[in-house]
> 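Structure incoming, see below.
It should be emphasised that the depicted structure is a prediction, and the values quoted were computed from it without experimental measurement. Numbers restart at 1 for each chain; the letters A, B, ... are given by sequence-line order, proteins then strands. Side-chain atoms are counted along with the backbone in the values below, which use heavy atoms only and exclude waters and symmetry mates.
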Amino acid sequence: DVKVTQSSRYLVKRTGEKVFLECVQDMDHENMFWYRQDPGLGLRLIYFSYDVKMKEKGDIPEGYSVSREKKERFSLILESASTNQTSMYLCASSSGGDGNQPQHFGDGTRLSIL
Amino acid sequence: RKEVEQDPGPFNVPEGATVAFNCTYSNSASQSFFWYRQDCRKEPKLLMSVYSSGNEDGRFTAQLNRASQYISLLIRDSKLSDSATYLCVVNKGGGADGLTFGKGTHLIIQP
C-alpha cells in the first residue's frame with residue numbers, strides 16, 4: 001500500500017510567519033503534488049514536481065514555494081503566512097511520467113493562520 | 001465549459017436503493033478517469049479507475065462515454081457507510097501535472 005505522510009494534522013500559525021509543511025512518500029513515486037481544499041472550491045493545485053529538484057507551478061502558486069531535495073520528500077513553504085491561506089492542505093504522489101496514474105493522498109494538514 | 005463538472009447534490013437516498021452520478025469533462029484528449037471517495041474532513045481516496053469497456057467492483061459500476069465526454073458511477077444496494085463525497089477525476093491529457101478533480105457529489109444514505 002502507498003503511504004503518504006504529512007508532518008502535521010493540525011497547525012496554527014500567526015500572520016507573517018514562514019510556515020513549512022512536509023510530505024514524505026514511501027513508494028518511490030516520481031510525481032508529487034500539493035493542493036489546498038476549501039469549501040465550495042474543491043481541490044486546487046498549488047505546485048507539483050515530477051523529479052528531484054524539479055518543480056512546476058500549479059493553478060494557485062502565489063504566496064507559496066516548494067522544495068524537493070530528495071525523491072521521497074516534497075515540502076510546501078508559505079513565505080509569509082496570511083489569513084487567506086487558512087485551509088486544508090493535501091499532499092499526493094503518483095508514479096510514471098505521463099500524468100495518467102491515480103494520485104495517492106496524505107491525511108492532510110488543517111492550517112489556521114491567525 | 002468547466003474542465004470537470006459534477007452535480008454537487010446532496011443526493012439523499014434510502015438505504016438499499018441504487019444511486020447513479022454522472023460527471024462531464026471538457027478535454028477530449030483525456031485518457032485516464034477515476035472516481036475518488038472523500039469522507040468529511042478526510043483525504044480523498046481512490047475508489048476505482050474507469051475503463052473504456054466499463055468496470056465493476058462489487059456494488060460499484062463505472063462507465064465511460066467518450067463520445068459524449070461523461071463518466072458515471074452506479075452504486076447498488078447502498079449502505080449507510082457509502083455516505084461521502086464522490087469526486088470525478090480526469091487526467092489533463094498529457095504531462096506530469098496529472099489530474100483535474102471535480103468538486104464532488106455529496107451522497108447521504110438514510111436509514
> Under a 4.5 Å side-chain heavy-atom rule over Ile, Leu, Val, Met, Phe, Trp and Tyr, are Phe74(A) and Leu111(A) clustered together?
yes
> With the 4.5 Å side-chain cut-off for hydrophobic clustering, are Tyr86(B) and Ile109(B) part of the same group?
yes
> Between Glu56(A), Arg110(A), Met88(A), which shows the greatest number of heavy-atom pairs under 4.5 Å with chain B?
Arg110(A)
> Report the distance from atom CG of Leu43(A) to atom CG of Leu87(B), rounding to the nearest 0.5 Å.
6.5 Å
> First locate atom NZ of Lys103(B), then atom CG of Leu41(A), and finally report the distance between them rounded to the nearest 0.5 Å.
6.0 Å
> How many angstroms lie between CG in Leu99(B) and OH in Tyr35(A), if you round to the nearest 0.5 Å?
5.5 Å
> Can you confirm whether more than 12 heavy atoms, excluding those of Arg76(B), are under 6.0 Å from its CZ atom?
yes
> Does any backbone or side-chain atom of Tyr36(B) lie under 4.5 Å from a heavy atom of chain A? Answer side chain, backbone, both or neither.
side chain
> Applying a strict under-4.5 Å side-chain criterion to I, L, V, M, F, W and Y, I'd like to know whether Ile60(A) and Val66(A) cluster together.
yes
> Kindly compute the distance separating CG (Leu90(A)) from NZ (Lys42(B)), expressed to the nearest 0.5 Å.
12.5 Å
> Can a donor-acceptor pair be found between the side chains of Glu43(B) and Gln6(A) at a distance below 3.5 Å?
no
> At a heavy-atom separation under 4.5 Å, does Arg44(A) approach chain B through its side chain, its backbone, both, or neither?
neither
> From Gln37(A) CD over to Arg41(B) CZ, what is the distance, rounded to the nearest 0.5 angstrom?
11.5 Å
> Could you state the interatomic distance from NE2 (His104(A)) to CG (Leu46(B)), rounded to the nearest 0.5 Å?
6.5 Å
> How about Phe101(B) and Phe105(A): are their ring centres within less than 6.0 Å of each other?
yes
> Flag yes if Ile75(B) and Leu64(B) sit in one hydrophobic cluster, no otherwise; membership is Ile, Leu, Val, Met, Phe, Trp, Tyr, and two members link when side-chain heavy atoms are under 4.5 Å apart.
yes
> In the single-linkage hydrophobic clustering (I, L, V, M, F, W, Y; side-chain heavy atoms under 4.5 Å), do Leu107(B) and Leu80(B) co-cluster?
yes
> Mind ranking Ala92(A), Gly58(A), Gly108(A), Gly106(A) by heavy-atom pairs under 4.5 Å with chain B and telling me who comes out on top?
Gly106(A)
> Determine whether Pro102(A) and Val89(B) make a side-chain contact, defined as any pair of heavy atoms from C-beta on separated by less than 4.5 Å.
no
